[in-house]
Amino acid sequence: MKMKKLAAVALAVVMSVSMLAGCGSSNDKKSAESSTSANGTATVKTAKDGVLTMATNATFPPYESYEGNDIVGIDADIAKAIADKLGLKLEIQDMEFNSIITAVQSGKADLGLAGMTVTDERKQSVDFTDSYATGIQSVIVKEGSSIKSIDDLKGKKIGVQLATTGDIYAKDDFGEENVEEYNKGADAVMALTSGKIDAVIIDNQPAKAFVKTTDGLQILDTDYVQEDYAAAIQKGNTDLLNAVNGALKELKEDGTIQKILDKYIK
Ligand code: GLN
């Protein structure tokens with residue numbers, strides 16, 4: 001756990017240094033990796049001509065959730081900004097979190113963007129872009145719960161969203177028999193409210209969103225694991241990977257990514 005945290009902190013430092021270094025360069029200078037031509041037409045091949053298809057699981061506010069019929073949030077805005085840079089139209093496909101990697105692997109989707117944590121295991125199936133945000137696995141309990149620290153979770157029933165890093169870490173640290181998997185984070189939170197489970201391990205931003213809209217819940221002060229979010233891209237599709245990384249670099253340098261994060265994370 002300590003190693004993961006250290007690595008994440010080191011990465012954050014490197015990222016802010018490189019962002020500072022980028023400040024001096026002109027904004028309209030195209031980065032070397034970008035495969036967008038001068039007139040803004042994309043030269044990169046995608047699943048559907050002229051379209052950037054994003055696979056996500058829209059139950060993860062403030063990264064992706066429904067507002068009426070629209071999927072909104074940090075990832076939706078970032079994908080739109082990337083698509084604009086590449087001269088593509090954005091289409092979002094909503095699916096189970098569990099299906100996103102398969103959709104990217106098979107080439108049905110160009111981009112898996114879902115508050116997805118970079119892990120070594122996932123790297124065996126997909127490539128990841130540069131990171132655009134950090135997440136923290138946190139623990140939700142009922143107000144007044146006897147669970148005050150991570151250690152108190154031992155032997156307790158823990159709810160998680162299926163196939164997320166919270167699921168993987170919880171099973172590793174507290175045993176499979178103590179972990180209940182739900183298709184949606186919101187379902188795990190409902191199970192906590194009704195007393196079926198004792199705690200929920202989930203990313204900090206959705207945790208805050210759920211606690212805000214549900215009475216009687218609180219987030220433990222101690223963070224469980226810190227991690228990096230990135231977009232998943234089909235393994236070996238270096239043209240698309242470089243194009244998206246080029247767009248991301250420009251969007252970091254011109255402050256767009258920070259603006260989008262600030263819009264949703266107050
Ligand atoms: N960051 C977590 C993961 O990648 C959860 C992502 C999500 O539920 N959308 O596993």
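In this text the structure is predicted, and so the values were computed from the model without any measurement. One-based numbering, in listed order, for ligands and for the atoms of each.
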Q: Where the side chain of Asn245 meets the backbone of Asp130, is there a donor-acceptor pair that is under 3.5 Å apart?
A: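 Checked: pair present.
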Q: Quick check: closest heavy atoms across Gln218 and Glu143, and the distance to 0.1 Å?
A: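 Shortest heavy-atom contact: OE1-CA, 3.2 Å.
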Q: Which protein non-hydrogen atom lies closest to atom 9 (N) of ligand 1, naming both residue and atom, and how far is it?
A: Ala114 O, 2.8 Å
Q: Is it the side chain, the backbone, both or neither of Tyr229 that has a heavy atom closer than 4.0 Å to ligand 1?
A: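 Tyr229 to ligand 1: side-chain contact only, backbone stays beyond 4.0 Å.
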Q: Looking only at side chains, do Tyr66 and Asp94 share a donor and an acceptor under 3.5 Å apart?
A: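 Note: Tyr66 and Asp94 side chains meet the donor-acceptor criterion.
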Q: Pull out every atom of ligand 1 sitting under 4.0 Å from any heavy atom of Met116, numbered as shown with elements.
A: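 Going through ligand 1 atom by atom, the ones under 4.0 Å from Met116 are 4 (O).
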Q: Once the angle between the rings of Tyr224 and Tyr169 is folded into 0 to 90°, is it parallel (under 30°), tilted (30 to 60°) or perpendicular (over 60°)?
A: perpendicular
Q: If I apply the N/O under 3.5 Å rule, does Gly166 come out as touching ligand 1?
A: no
Q: Counting from 1, what ligand 1 atoms have a heavy atom of Glu227 closer than 4.0 Å?
A: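 So the atoms of ligand 1 that pass are 1 (N).
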Q: Looking only at distances, please establish whether an N/O atom of ligand 1 is found under 3.5 Å from an N/O atom of Phe60.
A: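 No: no nitrogen or oxygen of Phe60 is under 3.5 Å from one in ligand 1.
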Q: Please report which non-hydrogen protein atom sits nearest to atom 8 (O) of ligand 1, along with the residue it belongs to and the distance in Å to one decimal place.
A: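 Result: Gln161 OE1, 2.9 Å.
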Q: Is it the case that the ring center of Tyr229 lies less than 6.0 angstrom away from the ring center of Tyr63?
A: yes
Q: Quick check on salt bridge (charged side-chain N to carboxylate O under 4.0 Å, His left out): which of Glu181, Glu176, Glu180, Glu177 does Lys171 satisfy it with?
A: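 Single salt bridge (charged side-chain N to carboxylate O under 4.0 Å, His left out) partner of Lys171 among Glu181, Glu176, Glu180, Glu177: Glu181.
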Q: Check this for me - ligand 1, Glu64, N or O atoms closer than 3.5 angstrom, yes or no?
A: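 No, Glu64 has no N/O under 3.5 Å of an N/O on ligand 1.
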Q: Out of Gly115, Pro206, Gly135, whose heavy atom sits nearest atom 6 (C) of ligand 1?
A: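 Minimum heavy-atom distance to atom 6 (C) of ligand 1 goes to Gly115.
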Q: Between the side chains of Asp151 and Ser149, is a donor N or O closer than 3.5 angstrom to an acceptor N or O?
A: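 Side chains of Asp151 and Ser149: no pair found under 3.5 Å.
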Q: Under 3.5 Å between any N/O of Asp203 and any N/O of ligand 1: does that happen in this structure?
A: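 Among all N and O atoms of Asp203, at least one is under 3.5 Å from an N or O of ligand 1.
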